Amino acid sequence: MADKTIEAGGLSIMGLITARGGSKGIPGKNLIPIRGRPLISYTIETALESKVFDRVMVTTDDDKIAEVSRQWGAETPFVRPANLSGDWDPTHPVVVHALEWMAENEGYYPDYMMLMQPTSPLRIVEDIREAVAIARDKDADGVISVYEPKQHPHWMFELNEDGRFADFDPHTRELARRQSLSPQYMLNGSIYLIKRSVILSQDSFYTDRTYALVMPRERSYDIDSLHDVRVVEMTMKDNARQGTADG
């Protein structure tokens with residue numbers, strides 16, 4: 001178990017990193033080099049440094065990912081089944097499998113599970129700790145990270161079949177200063193902190209007691225293309241120059 005020097009209010013939290021081997025957009029995406037290190041290493045390192053987890057583990061179907069994950073300090077106690085490792089397989093059953101496997105094979109029943117995707121490498125220790133603090137203080141069913149996108153949805157359009165503009169939402173769209181529009185938020189894929197009981201009792205991470213962790217846009221990049229890789233590398237380079245964490 002990790003040396004939990006940060007008080008988590010008595011909560012038992014499992015850190016779970018999802019990293020399947022297949023990726024059509026970027027082959028081997030979870031191990032792609034980012035500033036000389038495998039992508040997944042940033043998420044593992046930050047999770048361990050947060051010191052809020054009982055255990056930090058990786059669920060994967062790929063032997064190489066498992067090997068690299070162990071090298072960076074994560075556990076890989078099981079192999080993710082092939083039927084949970086496809087391109088379009090949802091995340092919820094992957095998390096259920098991990099929780100049930102740990103309960104059945106190691107008698108481990110954490111209060112919460114925090115899902116962290118390696119394709120969101122810019123989260124920092126403080127993001128993880130803040131999510132835990134929100135869950136503890138509010139007895140939240142879940143805390144999920146979001147960010148405020150630059151483009152407000154009220155300024156978006158659809159296009160007709162012949163290419164003409166059409167309002168995305170003709171009932172609410174207004175051409176106004178951004179300051180006059182209410183803030184809107186998007187998931188950034190970085191942090192999903194959910195009660196174990198919630199995960200196992202429903203097919204969703206959301207309840208009416210799910211709270212948001214608002215992260216800045218500059219820490220909310222999700223790698224899905226080679227362009228995203230370059231953007232993240234430049235961001236990390238700037239962070240290093242300014243003396244801040246790589247993520």
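Not measured: the values here are computed from a predicted model. The basis for the numbers below is simple: all heavy atoms, side chains too, and nothing from hydrogens, waters or symmetry mates.
- For the pair Arg37 and Tyr42, the cation sits on the ring face: its NZ or CZ lies under 6.0 Å from the ring centre, inside 45° of the axis.
- Panel note: side chain Gln202, backbone Tyr206; a donor-acceptor pair is recorded below 3.5 Å.
- Note on Val79: it does not cluster hydrophobically with Val95, by side-chain heavy-atom contacts below 4.5 Å among ILVMFWY residues.
- With hydrophobic clusters built from ILVMFWY side chains whose heavy atoms lie under 4.5 angstrom apart, Met116 shares a cluster with Ile134.
- A distance of 5.0 Å separates OG1 of Thr235 from OH of Tyr221, quoted to the nearest 0.5 Å.
- Evaluated for a side chain to side chain contact (heavy atoms under 4.5 Å, CB included) with Ser50, the options Val56, Ile124, Ile128 yield exactly one hit, Ile128.
- Residues Pro93 and Pro90 have side chains in contact (heavy-atom distance under 4.5 Å, counting atoms from C-beta outward).
- Closest non-hydrogen pair, Trp101 versus Pro77, comes out as CH2-O, 3.2 Å.
- The heavy-atom pair separating Ala212 from Val146 by the smallest distance is CB-CG2, 4.0 Å.
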If you apply the rule salt bridge (charged side-chain N to carboxylate O under 4.0 Å, His left out), what do you find for Glu75 with Arg55, and how did you get there? CA-CA 8 Å; Glu75 300 179 53; Arg55 307 174 70 165; 2.6 Å; yes
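- Inter-residue side-chain proximity for Asp141 and Tyr211 is flagged as unmet; no heavy-atom pair is nearer than 4.5 Å.
- Expressed to the nearest 0.5 Å, how far CD of Glu233 lies from CG of Asp238 amounts to 12.0 Å.
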Are Val94 and Leu115 close enough, and set up right, to give a side-chain contact (heavy atoms from CB on, under 4.5 Å), and what steps lead you there? CA-CA 10 Å; Val94 173; Leu115 170 66; over 6 Å; no
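- Inter-residue side-chain proximity for Trp72 and Pro38 is flagged as met; some heavy-atom pair is nearer than 4.5 Å.
- In this structure, CZ on Arg217 lies 14.0 Å from CG on Leu122, to the nearest 0.5 angstrom.
- Side-chain atoms of Gln117 do not come within 3.5 Å of backbone N or O of Ser190 as any donor-acceptor pair.
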Steps toward side chain to side chain donor-acceptor pair (under 3.5 Å) verdict (Thr119, Asp222): CA-CA 5 Å; Thr119 50; Asp222 179 24; 3.0 Å; yes
Going through the distances and angles, do Met57 and Met14 end up as a side-chain contact (heavy atoms from CB on, under 4.5 Å)? CA-CA 8 Å; Met57 58 191 68; Met14 180 177 84; 3.7 Å; yes
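- Using a 4.0 Å cut-off between a side-chain N of Lys or Arg and a carboxylate O of Asp or Glu, Asp228 and Lys29 do not qualify as a salt bridge.
- A donor-acceptor contact shorter than 3.5 Å is absent between the side chain of Asn188 and the backbone of Tyr147.
- Arg20 places no side-chain N or O within 3.5 Å of a backbone atom of Thr60 that could act as its donor or acceptor partner.
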Determine, stepwise, if the pair Leu213 / Glu130 fulfils side-chain contact (heavy atoms from CB on, under 4.5 Å). CA-CA 8 Å; Leu213 168 68; Glu130 185 176 352; 3.4 Å; yes
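- Pro121 approaches Met236 most closely through the heavy-atom pair CB-CE, 4.0 Å.
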Checking Leu39 against Leu31 for the side-chain contact (heavy atoms from CB on, under 4.5 Å) test, could you report, in this order, the C-alpha distance in whole Å, the side-chain angles of both residues, the deciding distance, and whether it holds? CA-CA 5 Å; Leu39 173 61; Leu31 296 181; over 6 Å; no
Run the side chain to side chain donor-acceptor pair (under 3.5 Å) check on Ser12 and Asp111 step by step: do they pass? CA-CA 5 Å; Ser12 173; Asp111 301 314; 4.9 Å; no
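- Considering all non-hydrogen atoms of both residues, Ile65 and Gly21 come closest at CD1-CA, 3.9 Å.
- Atoms CD1 and NE2, from Ile26 and His227 in turn, are 11.5 Å apart once rounded to the nearest 0.5 Å.
- Residues Glu148 and Val214 fail the side-chain proximity criterion, which asks for heavy atoms closer than 4.5 Å.
- When all heavy atoms of Leu193 and Ile13 are compared, the pair lying nearest together is CD1-CG2, 4.0 Å.
- At least one donor-acceptor pair closer than 3.5 Å links the side chain of Ser201 to the backbone N or O of Val198.
- Residues Thr43 and Ser120 have side chains not in contact (no heavy-atom distance under 4.5 Å, counting atoms from C-beta outward).
- Considering CG of Asp62 and CG of Asn30, their distance stands at 8.5 Å, rounded to 0.5 Å.
- With a 4.5 Å cut-off on side-chain heavy atoms, Ile199 and Lys195 do not count as touching.
- In this structure, Arg80 contributes its side chain and Leu84 its backbone to a donor-acceptor pair below 3.5 Å.
- For the pair Arg196 and Tyr109, the cation-pi test (distance below 6.0 Å, angle within 45°) is failed.
- At a threshold of 4.5 Å between non-hydrogen side-chain atoms, the residues Ser145 and Asp127 do not count as touching.
- Put simply, Ile144 and Leu99 are part of the same group of oily side chains (I, L, V, M, F, W, Y) that touch within less than 4.5 Å, one to the next.
- By the 4.0 Å N-to-carboxylate-O rule, Arg219 lies too far from Glu126 to be salt-bridged with it.
- Here the shortest heavy-atom pairing between Thr76 and Ser69 reads CG2-CB, 4.1 Å.
- In the hydrophobic clustering of this structure, Val125 does not group with Ile17; members are Ile, Leu, Val, Met, Phe, Trp, Tyr whose side-chain heavy atoms approach within less than 4.5 Å, directly or through other members.
- Between Leu226 atom CG and Arg230 atom CZ the span is 6.0 Å, to the nearest 0.5 Å.
- Side chain of Arg123 to backbone of Ser220: no donor-acceptor contact under 3.5 angstrom is found.
- No side-chain heavy atom of Val143 sits less than 4.5 Å from a side-chain heavy atom of Thr210.
- Between Tyr192 and Phe205, the angle of the ring planes lies from 30° to 60°, which puts this pair in the tilted group.
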